[in-house]
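Notes for the one structure printed next.
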Protein chains: 2
Amino acid sequence: MKKNRSNEIEIVVIDDEQDVLELIEYILAKEGYKATGFLSTDYVEQFLEEENPAFLIVDRNLPGMEGSQFVSHLRSKGYELPVIFLTAKDGDKDILDGFEAGGDDYMTKPFKPQELVARIKALLKRSGIIQYNKLRYRDMVLDCQKQELNVDNSQVSLTNLEFKLLTTFIKNSHQTLSRDFLRDEVWEDDGSFNDKTINVALNRLKKKIDPLDRKHYFTPVWGVGYKLS
Amino acid sequence: MKKNRSNEIEIVVIDDEQDVLELIEYILAKEGYKATGFLSTDYVEQFLEEENPAFLIVDRNLPGMEGSQFVSHLRSKGYELPVIFLTAKDGDKDILDGFEAGGDDYMTKPFKPQELVARIKALLKRSGIIQYNKLRYRDMVLDCQKQELNVDNSQVSLTNLEFKLLTTFIKNSHQTLSRDFLRDEVWEDDGSFNDKTINVALNRLKKKIDPLDRKHYFTPVWGVGYKLS
DNA sequence: GACATTGTTATCAAAATGTTTCTTTTCTGA
DNA sequence: TCAGAAAAGAAACATTTTGATAACAATGTC
């Protein structure tokens, strides 16, 4: 029901061989994905419903329900998450069956880990799950598409102005930003402009992203402006 | 950036061997696609600009510019159309290069025509060029052919506009949709357009699918638009 | 014409942003 | 070092912008 709180992309892997499962989980973990393995299709649907993972990697020879049948079933239920088949079944007909069932890609075992990762990435990109407009500073991650900020893996909601302000600072993290610069860049100077507007805006931002003032993201530069620290 | 007027999906194929080109064109035509072949990357960019085809199939060993280089170039220019590499270059490194350059899929020659077609279809579906039959989000299931919505297993009737709106949100469930985007996508901007039209339409939709406002499917993003939650 | 759909307008509420005032901090020079 | 000036912070208030909602008008459909 709810998306993962953290920024991690969650991938479900279904394979009946424990060691293959572990290998894949290891590969995915190394790439920064959160992998959840299943030895059969049992409970997977329930898991999808509850956790809403981003991606599915599925073998075809599974106990109980065959992999492509399972995917077909999911599709008929309206699940549209990207699916890669990863299986020893490598006949021409098998591959076509996989796509017919609603798979997005089909890889045969044995497989190259790097190719699996590349294909996953391509699909995540194509499905719009990966976004590139991300900015990072210390433990902050800004998602420019969603206008969202994560600080230390918990979401902080920012207003447009605050977002623009923070973006400007992170894009220029190496230098002190003068009030003049900020006025030009963030506010698009409408002439009349109160001295304190910038101060107030910045302090509101500070309070939102670090309410307890423990992290001191911003340092005032006396008589000039502010810089990230 | 608008789709071809006709119903046909237009696919560009680049391959320096005339007979391979013709074979692929033949395969695609038989599947009902409109194929346009090129023997090199020359003029392809111009063609993309003018015709805005839906899909690109590209060889790697091309006279002039190498295939992956060309794709990389297109990506950097902002072309987002799906790309399949279809090439004899089958080394591990080659495949990774292909994905690195921005390819969506990678097939090696010799290839099975049916597999090519299956991969094209999968990608067209995933890119939203072909419609899905069903979409799901939380406890909502949309049947796009019947224009029907089921929420928590009971049917809710939606108007065309409402259906299109909801579909757009579910297809882009991972990001905030700005009013500009919605205007382009759902209404096809007739120029005069009241600010509040979108608000009203969305609130009507909200009320229909969740009359008691218990589920909070939509979250307004202040000053921007809405997102699914 | 009756009805459903969609767009428009008006009103209110909420959120964001700007302004003012006062307090606190920081810097400077005697 | 300390007093005073200048700058920044904080809180309260004011203004503006935006969103929700309802009522109404326009449009299209049968």
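Both backbone and side-chain heavy atoms feed into the values below; hydrogens, waters and symmetry mates do not. Naming: A, B, ... by sequence-line order, numbering from 1 per chain. As the structure is a prediction and not an experimental result, all values here were calculated from the model.
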Problem set entry | From A/Leu228 atom CG to A/Leu166 atom CG, the distance as rounded to the nearest 0.5 Å |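 Taking CG in A/Leu228 and CG in A/Leu166, the distance rounds to 7.5 Å.
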
Exercise. Roughly how far apart are B/Leu123 CG and B/Ile130 CD1, rounded to 0.5 Å?
Worked result: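 CD1 of B/Ile130 is found 10.0 Å from CG of B/Leu123.
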
Check ion pair [X]-[Y] (N to O, under 4.0 angstrom):
X: B/Arg75; Y: B/Asp104; result: yes
X: A/Lys125; Y: B/Glu80; result: no
X: A/Asp105; Y: B/Arg119; result: yes

Between atom [atom1] in [X] and atom [atom2] in [N], what is the gap in whole Å?
X: B/Asp195; N: C/dT11; atom1: CG; atom2: C1'; answer: 16 Å
X: B/Phe193; N: C/dT9; atom1: CZ; atom2: C1'; answer: 15 Å
X: A/Leu205; N: D/dG9; atom1: CG; atom2: P; answer: 12 Å
X: A/Asn194; N: C/dT20; atom1: CG; atom2: C1'; answer: 8 Å
X: A/His216; N: D/dG9; atom1: NE2; atom2: P; answer: 12 Å

Problem set entry | Presence of B/Thr197 side-chain N/O under 4.0 Å of C/dT8 phosphate oxygens OP1/OP2 |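 Yes.
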
For this session: With salt bridge (charged side-chain N to carboxylate O under 4.0 Å, His left out) as the test, would you mind laying out the steps for B/Glu188 and B/Lys164 before giving the verdict?
Result: CA-CA 12 Å; B/Glu188 277 136 33; B/Lys164 205 167 173 185; 3.4 Å; yes

Identify the pairs formed between an N or O of the protein and an N or O of nucleotides 19-25 of chain D at a distance under 3.5 Å, and give each distance.
| from | atom 1 | to | atom 2 | distance (Å) |
| --- | --- | --- | --- | --- |
| D/dG19 | OP1 | B/Arg179 | NH1 | 2.7 |
| D/dG19 | OP1 | B/Arg179 | NH2 | 3.0 |
| D/dG19 | OP1 | B/Gly223 | N | 3.3 |
| D/dG19 | OP2 | B/Arg179 | NH2 | 3.4 |
| D/dA20 | OP2 | B/Tyr226 | OH | 2.4 |
| D/dA22 | OP2 | B/Lys207 | NZ | 3.3 |

Exercise. Taking side chain as C-beta onward, heavy atoms only, is B/Lys171 less than 4.5 Å from B/Gln131?
Worked result: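 Touching, per the 4.5 Å side-chain cut-off.
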
For this session: Under the salt bridge (charged side-chain N to carboxylate O under 4.0 Å, His left out) rule, what do B/Glu100 and A/Lys121 come out as? Steps first, then yes or no, please.
Result: CA-CA 10 Å; B/Glu100 185 66 34; A/Lys121 277 188 186 157; over 6 Å; no

Exercise. Is there a residue in residues 159-169 of chain A whose heavy atoms reach under 4.0 Å of DNA chain C, and which residues are they?
Worked result: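 A/Thr159, A/Asn160, A/Leu161, in order of number.
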
